[in-house]
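These notes are about the structure you will find just below.
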There are 2 protein chains.
Amino acid sequence: MTIDGLAVRLREFLRPEQVLTDRQQLRTYECDGLTHYRVVPAIVVLPRTAQECADTVRACADAGVPFVARGSGTGLSGGALPHADGALIVTSQLRAIREVAPQDERAVVEPGVINLQVTRAASPHGYYYAPDPSSQQICSIGGNVAENSGGAHCLKYGFTTNHVTGVEIVTPDGDLVRLGGRAPDAPGYDLLGAFVGSEGTLGIATEVTVRLVRLPETVRTLLAAFPGTDQAGAATSAIIAAGVVPAAVEMMDALAIEAAEAAVHCGYPPGAGAVLIVELDGPQAEVEAQFAAVEGFCRDHGAFEIRIAADDAERALFWKGRKSAFAAVGRISPDYIVQDGVIPRTALPRVLTRIAELAGEHGVRVANVFHAGDGNLHPLVLFDEAVPGQAERAEAVSGAILDLCVEHGGSITGEHGVGFDKAKHLPSMYSAADLDTMQLLRCAFDPRGLSNPGKVFPTPRLCGEVPGRRKGTHPLHQPGIAEVF
Amino acid sequence: MTIDGLAVRLREFLRPEQVLTDRQQLRTYECDGLTHYRVVPAIVVLPRTAQECADTVRACADAGVPFVARGSGTGLSGGALPHADGALIVTSQLRAIREVAPQDERAVVEPGVINLQVTRAASPHGYYYAPDPSSQQICSIGGNVAENSGGAHCLKYGFTTNHVTGVEIVTPDGDLVRLGGRAPDAPGYDLLGAFVGSEGTLGIATEVTVRLVRLPETVRTLLAAFPGTDQAGAATSAIIAAGVVPAAVEMMDALAIEAAEAAVHCGYPPGAGAVLIVELDGPQAEVEAQFAAVEGFCRDHGAFEIRIAADDAERALFWKGRKSAFAAVGRISPDYIVQDGVIPRTALPRVLTRIAELAGEHGVRVANVFHAGDGNLHPLVLFDEAVPGQAERAEAVSGAILDLCVEHGGSITGEHGVGFDKAKHLPSMYSAADLDTMQLLRCAFDPRGLSNPGKVFPTPRLCGEVPGRRKGTHPLHQPGIAEVF
């Protein structure tokens with residue numbers, strides 16, 4: 001079936017404004033937060049209910065048209081990059097908060113609900129939703145589920161996967177099924193766990209049951225200025241080694257501080273080669289005792305100025321610099337790449353030194369902003385598109401940083417996902433056999449590869465061609481399924 | 001190939017004592033902790049390395065012989081119940097602790113390592129392995145991974161799935177692959193999460209990377225005696241509602257206390273209709289502050305005696321009664337069924353009342369021992385096999401309790417798994433479409449159903465026959481695969 005035929009079918013059960021085919025309108029959706037890849041989708045669909053979403057997927061499946069789900073489009077790995085011959089299914093109209101049940105510590109929401117709205121709905125009851133990506137004011141829960149989003153406070157509270165207990169999804173066939181439930185640990189396979197973070201390749205979430213976390217009795221936040229990242233890294237290691245689990249430990253290096261100052265005038269201590277923001281939350285007695293210890297560790301490792309937030313306003317100011325850092329880099333560089341990698345905390349000094357060397361070797365600047373507590377780096381590689389060769393050199397540094405993370409026993413992504421951008425890096429972490437094992441799941445759910453094709457897997461292939469399984473015994477060895485990527 | 005042929009092939013790469021075919025020796029393995037189902041396996045294999053395990057599975061696959069993995073055989077849902085025409089692969093010889101890396105908060109162990117040995121190896125470094133099934137002195141990490149085992153302290157620390165970051169597994173084809181890794185959140189599908197708790201149906205773990213948790217600064221334990229379970233339940237709800245997360249909140253009712261007293265003379269307060277054991281751990285300051293609050297909640301809700309463990313010896317005595325409760329019931333009843341279900345904490349009083357009614361209606365006694373903090377019930381249904389009809393009545397009550405859990409929004413198992421025993425109850429929690437979605441994963445990994453057949457799924461069927469997927473488009477629709485169950 002052609003896209004025109006699909007549009008006709010979709011308009012049988014959707015209103016005209018829910019099915020977009022006008023080129024100008026389609027261009028609005030040509031990229032997500034990873035703006036240097038752009039593809040205009042063939043058609044955009046905006047379902048308002050789970051059933052409409054399922055019917056849309058079924059129509060795509062029947063037509064053999066690939067589809068990509070999109071929430072708010074804030075992802076940074078190109079997970080919602082459209083397919084030129086495919087449908088983009090936007091979940092932002094599915095935005096009801098269906099239930100807030102503080103007594104069960106659960107909320108049930110539609111995928112288009114904004115992350116921060118869950119906390120707003122829960123906070124009158126004394127609860128909140130813990131995972132807090134920097135984009136929490138605009139990113140959607142559905143997108144968070146697809147990417148298994150993290151955030152500054154995931155050090156203590158875990159990622160999205162630790163806060164979702166059940167989902168209703170549309171499978172790539174167009175069936176509505178439930179994975180998990182309300183209970184903390186449902187029997188049977190934990191397909192819920194596999195679905196969270198599957199980046200749209202196993203289907204589309206149409207309802208999400210999330211855990212609510214009790215608002216802490218106390219929150220205390222400290223900002224410590226160090227001569228450089230080595231000292232700040234050593235302080236971080238000392239804090240964690242002492243058994244303290246802060247809600248967040250964030251680090252910014254000199255260049256990141258410079259950018260933040262230029263953009264939001266956050267007033268960080270002048271002359272700092274690195275700042276740490278350490279936040280503790282929990283019962284008053286615990287926080288007070290640990291806060292003193294954290295302050296001590298910072299001083300022991302060379303902090304020359306320590307500020308303690310006196311009130312919520314000052315606390316917000318500490319965070320303003322950190323949360324605006326990515327965007328702020330635009331003040332000091334025309335173009336930049338936001339990288340995302342993980343290393344063991346103990347490797348921080350070595351890796352940061354090597355990143356600086358790499359930057360020098362390639363003649364680009366790298367600003368470092370990161371979740372130091374869990375070793376989740378966000379190097380920002382600065383460049384100027386207008387200078388010939390600089391974009392390529394920035395790309396080279398950016399890729400080399402990921403190799404560096406893997407060499408040190410880390411990961412090519414901490415929280416931004418693989419998406420389109422990092423598929424090529426996956427083989428540096430997994431053997432061919434490991435990747436083929438993942439493909440088993442993909443092919444079981446989506447044998448024709450219609451659900452977000454070209455993402456995550458580095459070498460998309462026929463589901464009938466996954467090697468290493470003996471022919472004739474395995475259902476994947478079925479000839480005749482056309483590759484659609 | 002016959003079992004004899006398989007034995008010949010296995011003996012080509014295994015020593016004679018690793019391949020058992022003598023009927024008398026085979027009988028040793030006829031059941032796991034769920035002793036009322038017994039099946040003698042056709043052959044028992046004891047590999048000593050991951051490669052031997054993989055070669056064994058490949059030999060079974062080539063021969064079309066079903067296989068069942070077994071760790072220490074302490075499971076309570078019959079997950080390791082042998083197959084009469086199949087191989088039982090025992091992992092107890094894979095018992096090396098390969099690495100303890102406190103700086104990364106990880107340990108790497110083979111599947112036959114005993115749960116408590118991990119803690120013993122980590123504790124000199126100030127760390128321990130958190131999930132603590134009652135059987136922790138004998139159960140194996142491999143079995144814990146298969147069943148996603150819980151324990152008293154999972155209220156605060158989570159289940160096995162929250163403490164495993166990577167595994168090496170043998171797939172049902174005999175391939176060795178890795179799922180997850182050392183990093184807290186690996187990219188790609190979280191097949192690790194799906195594997196943990198898959199009860200031996202997706203393959204066999206040959207290496208497990210676990211999180212180590214810092215030993216708490218302080219542990220304080222309180223035992224409170226209440227007139228009955230209603231009051232103890234209300235105290236539990238009050239503790240949790242106040243935002244306190246104890247390491248454990250355990251409840252025993254009068255009959256369970258009676259059994260424990262008879263068996264281990266734990267000296268619980270006389271006349272108690274229920275006891276609560278509440279344990280708090282963490283930083284000294286936090287524990288002290290919260291401990292006073294917990295004591296207050298217990299008194300407010302009718303505790304007539306509260307004992308605080310003065311030292312480790314007294315603390316061990318509190319726990320002795322609780323941890324021995326299952327076995328102790330043997331002192332007051334010739335036979336009993338250990339049940340395992342979950343309900344929302346808020347439903348505790350209603351469900352306990354209804355359990356008592358069910359017991360009365362059927363003329364059997366039910367003792368209740370449970371992880372009250374997370375609503376994980378362990379009703380012990382007492383009966384006498386020698387009295388005609390009593391076993392059937394006990395079974396009826398036991399099944400009705402699970403229905404009751406589901407009715408109240410809970411689950412048919414909290415931590416013992418589905419295994420053989422509860423497969424028939426799975427449809428009370430999941431629709432046919434939900435179960436078929438789980439079968440997609442099973443069939444992707446194990447299209448011939450050779451890996452622990454007859455477990456978990458209520459209606460084993462041909463992988464080519466999973467309905468609800470359109471024929472011809474889905475690789476599962478491949479004719480000609482023989483059903484082996």
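All values derive from a computational prediction rather than experimental measurement. As a basis for the values below, the full set of heavy atoms in this structure was taken, side chains included, without hydrogen atoms, waters or symmetry mates.
- The main-chain N or O of G64(B) is never found under 3.5 Å from a side-chain atom of R448(B) such that the two would form a donor-acceptor pair.
- When heavy atoms are compared at a cutoff of 4.5 Å, L179(A) approaches chain B solely by way of its side chain, counted from C-beta outward.
- Within the 3.5 Å criterion, the main-chain N or O of F159(B) finds a donor-acceptor partner in the side chain of N162(B).
- Looking at T171(A) and V177(A), their side chains come closer than 4.5 Å, going by heavy atoms from C-beta outward.
- Heavy atoms of A293(B) lying under 4.5 Å from chain A are absent altogether.
- Looking at K455(A), its side chain does come within 3.5 Å of a backbone N or O of G79(A) through a donor-acceptor pair.
- With a threshold of 4.5 angstrom between heavy atoms, A423(B) does not approach chain A through any atom at all.
- Considering only heavy-atom pairs separated by less than 4.5 Å from chain B, the leading option among L202(A), L176(A), N376(A) is L202(A).
- Contacts with chain A were tallied for P283(B), G417(B), G409(B); P283(B) has the most, counting heavy-atom pairs under 4.5 Å.
- Considering only heavy-atom pairs separated by less than 4.5 Å from chain A, the leading option among L441(B), T346(B), V418(B), V456(B) is L441(B).
- Under the 3.5 Å distance criterion, the side-chain polar atoms of E217(B) are matched with a main-chain donor or acceptor of Q284(B).
- Between the side chains of D340(B) and T413(B), a donor-acceptor pair is found at a separation under 3.5 Å.
- Heavy atoms of S237(A) lying under 4.5 Å from chain B are absent altogether.
- Of the listed residues (P344(A), A241(A), S431(A), A289(A)), the greatest number of heavy-atom pairs within a distance under 4.5 Å of chain B belongs to A241(A).
- No donor-acceptor distance shorter than 3.5 angstrom exists from the side chain of R182(B) to the backbone of T209(B), with no hydrogens or angles considered.
- Ranked by heavy-atom pairs under 4.5 Å with chain A, the list G126(B), A285(B), G181(B) is led by A285(B).
- Contact annotation: the side chain of Y157(A) approaches that of V213(A) to within less than 4.5 Å [non-hydrogen atoms, C-beta and beyond].
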**OP:** Begin with the C-alpha distance, continue with both residues' side-chain angles, and end with the deciding distance and a verdict on side chain to side chain contact (heavy atoms under 4.5 Å, CB included) for E415(B) and N148(B).
**Re:** CA-CA 7 Å; E415(B) 55 187 13; N148(B) 187 20; over 6 Å; no
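- Taking chain B as the reference chain and counting heavy-atom pairs below 4.5 Å, the highest number among T201(A), V245(A), L426(A) is found for T201(A).
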**OP:** Give the C-alpha distance, both sets of side-chain angles, the deciding distance and a yes or no for side chain to side chain contact (heavy atoms under 4.5 Å, CB included) between T437(B) and L191(A).
**Re:** CA-CA 9 Å; T437(B) 304; L191(A) 284 177; 4.0 Å; yes
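- Between the side chain of K422(A) and the backbone N or O of I412(A), at least one donor-acceptor pair lies under 3.5 Å.
- Look at R345(B) and D104(A) and you find no salt bridge, because none of the NZ, NE, NH1 or NH2 atoms lies under 4.0 Å from a carboxylate O.
- Contacts from residues 192-200 of chain B to chain A, taken as heavy-atom pairs separated by less than 4.5 Å, involve G193(B), A194(B), G197(B), S198(B) in sequence order.
- Within the 4.5 angstrom heavy-atom criterion, only side-chain atoms of Q290(B), from C-beta onward, approach chain A.
- Ranked by heavy-atom pairs under 4.5 Å with chain B, the first of G375(A), G188(A), P187(A) is P187(A).
- Contact annotation for Y189(B): both backbone and side-chain heavy atoms come within less than 4.5 Å of a heavy atom of chain A.
- Proximity to chain B is limited to the side chain of M429(A), based on heavy atoms less than 4.5 angstrom apart.
- Counting only distance, with no hydrogens or angles, the side chain of S77(A) and the backbone of H416(A) share a donor-acceptor pair below 3.5 Å.
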